[in-house]
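All heavy atoms count here, side chains included; hydrogens, waters and symmetry mates do not.
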Amino acid sequence: MAGTENVTQGRLAGAKAPSYLRAVNEPEARASQFTARIMLITDLAYLLCSAELTLMPREHAQHLLAAVLGLIDELPTRDLSRPPGDIVSQREQWISERVSKKDAAWLHLGRNRGESLRNYIPRLFFRQVLHDQGRQIANLVRRIVDRAEPLLGALAPNYHHLQHSGLATVGEYLLSWAVTFERHVQRLKQIDQRLDRGPSTFGGRQQTNQLFDAVSARLGFSNRARLRRDGIWVQDQFSEPFFALALVAVDLARLAQDLRIWVTPEFALFDLADDHA
């Protein structure tokens, strides 16, 4: 418990307890390996747009840009556990070591200091992950269709819990998976459309709106949220991508399980290439 000498100094006047550092700050610092690069990239976008819109003096923008670019280059070798804390406070400390206080004071011009942590970082990260996953699944669908075409008339038993339940063709079986994975591609695109939105501004000043519009466009967003809750205080920007990726993983596992059975001598429906065995 903090001493009484800190009570009169205002909120958070005392230092963090060692137990707090161990329980909160150190685990947050370990997550910086996943968030640091994207946060610094969003900083670049803000600094470039602020300078282009003449909202920030060019000299300060140049110094801050040089600091951020240097940090991005050294991320692979930097100890991201120091100083302990979340990436917001960490990167502020990293930049303050490279620029003057006058330069550092311009870092958060027109924006909340944690803006990218709640909006840009998850949306940029998941949009890239969903894009990569979508391309891989679309390629899988094309390969399944190519394999299915010459086997549309190849009769094969249909199984239900490994019991005969009728007749099908090998081509029909494969196309059933193509349809399944095609829906995943459509779902990933729909989620990307909902993630394709930069954060809204505080207030509604013309210069701030111009800055946020420019930053959103520079980071690849086609539009910007108009309400604070829509841009930041929503949870589906985390949960919906996770859910879609989990669905893909489940169906990939089911297909792999099928193939594991169908390649056995008892069934011999497929012959798996040696480089996949």
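Looking at residues two or more places apart in sequence or on another chain, you find no salt bridge (charged side-chain N to carboxylate O under 4.0 Å, His left out) involving Glu26. With sequence neighbours excluded, the residues forming a side chain to side chain contact (heavy atoms under 4.5 Å, CB included) with Phe242 are Phe126, listed by chain and number. Evaluation of the side chain to side chain contact (heavy atoms under 4.5 Å, CB included) rule for Asp79 yields Ser81, Arg82 as partners, not counting sequence neighbours. When the salt bridge (charged side-chain N to carboxylate O under 4.0 Å, His left out) test is applied to Glu28, no partner is found at least two apart in sequence or on another chain. Among residues two or more places apart in sequence or in another chain, the side chain to side chain contact (heavy atoms under 4.5 Å, CB included) test is passed with Gln133 by Gln136, Ile137, Leu188, Leu245, Val248. Taking Asp132 as the reference, Gln128 meet the side chain to side chain contact (heavy atoms under 4.5 Å, CB included) condition, with sequence neighbours excluded.
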Please tabulate, for side-chain N and O atoms in residues 174-183, each donor-acceptor pair with protein atoms closer than 3.5 Å (sequence neighbours left out).
from, atom 1, to, atom 2, distance (Å)
Ser176, OG, Tyr173, O, 2.4
Trp177, NE1, Tyr173, OH, 3.1
Thr180, OG1, Ser176, O, 2.9

Hey, can you pull the donor-acceptor pairs under 3.5 Å for the side chains in residues 61-77, sequence neighbours left out?
from, atom 1, to, atom 2, distance (Å)
His63, ND1, Asp103, OD1, 3.3
His63, ND1, Asp103, OD2, 3.0
Glu74, OE1, Arg98, NH2, 2.4
Glu74, OE2, Arg78, NE, 2.8
Glu74, OE2, Arg78, NH2, 2.5
Glu74, OE2, Arg98, NH2, 3.2
Thr77, OG1, Glu74, O, 3.2

Donor-acceptor contacts under 3.5 Å from residues 142-165 side chains, at least two apart:
from, atom 1, to, atom 2, distance (Å)
Asn158, ND2, Ser165, OG, 3.0
Ser165, OG, Asn158, O, 3.2

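For residues 206-219, the salt bridge (Lys or Arg N to Asp or Glu O under 4.0 Å) pairs, not counting sequence neighbours, are Glu52-Arg218, Asp213-Arg224. Pairs passing the ring pair (Phe, Tyr, Trp, His ring centres under 6.0 Å) check and including a residue from residues 76-110, sequence neighbours excluded, read His60-Trp106.
By the neighbour-count criterion of 12 heavy atoms within 6.0 Å, atom CZ of Arg37 is sparsely surrounded, having that number or fewer from other residues, nucleotides or ligands.
Grouped with Leu167 in a hydrophobic cluster is no other residue, since no side-chain heavy-atom contact under 4.5 Å to another Ile, Leu, Val, Met, Phe, Trp or Tyr is found.
The aromatic rings of Tyr46 and Tyr120 stand perpendicular to each other, their planes meeting at an angle above 60°, with 30° marking the opposite boundary.
Salt bridge present: Arg91 and Asp43 bring a charged side-chain N and a carboxylate O closer than 4.0 Å.
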